[in-house]
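Everything below concerns the one structure shown next.
Position 1 is the first residue of the sequence; numbering continues from there. Atom set for the values below is all heavy atoms of this structure, side chains included, hydrogens, waters and symmetry mates excluded.
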Amino acid sequence: MIEAADLHRAVTVLRGMAYEHRLHILVVLRAGEATPAMIGAVVPAHPTALAHHLRHLADAGLVRRSRRGRHVYYALTTPAVGDVIDGVLGLG
């Protein structure tokens, strides 16, 4: 039997990936950490929208952010996130 909290967490994670730009961001981060500028060079989204998507992905627990000096870097929280991306895209 699965707990309601576990189901809720799964829905939150899947909902976080359920937008084209968010999934594209996750694919970019699958290759390694990146700044918003680096992500924006690949993902066709306005910088404000990109920031919103990154915040949503962080809230869903899919990405983490770290600051080094004046730069903020985003990365996948765990290798399992990359595995889910590979599975969804049929790459694994």
Using a 4.5 Å cut-off on heavy atoms from C-beta on, say whether the side chain of [Y] contacts that of [X].
X: R30; Y: D86; value: yes
X: R9; Y: V13; value: yes
X: V27; Y: V43; value: no
X: I85; Y: L29; value: no

Should [X] and [Y] be regarded as members of a common hydrophobic cluster, given that ILVMFWY residues are connected when their side-chain heavy atoms come within less than 4.5 Å of each other, either directly or indirectly?
X: V28; Y: L26; value: yes
X: V88; Y: L76; value: yes
X: I39; Y: V42; value: yes

Shortest non-hydrogen separation from H21 to P44 and the atoms involved
NE2-O, 3.0 Å
Side-chain polar contacts of residues 53-71 - donor-acceptor pairs under 3.5 angstrom, sequence neighbours left out - could you list them?
from : atom 1 : to  : atom 2 : distance (Å)
H53  : ND1    : R22 : NE     : 3.0
H56  : ND1    : R22 : NH1    : 3.3
H56  : NE2    : R22 : NH1    : 3.4
R68  : NH1    : E33 : OE2    : 3.3
R68  : NH2    : E33 : OE2    : 2.4

Rounded at 0.5 Å granularity, tell me how far CG in L50 sits from CD1 in I25.
4.5 Å
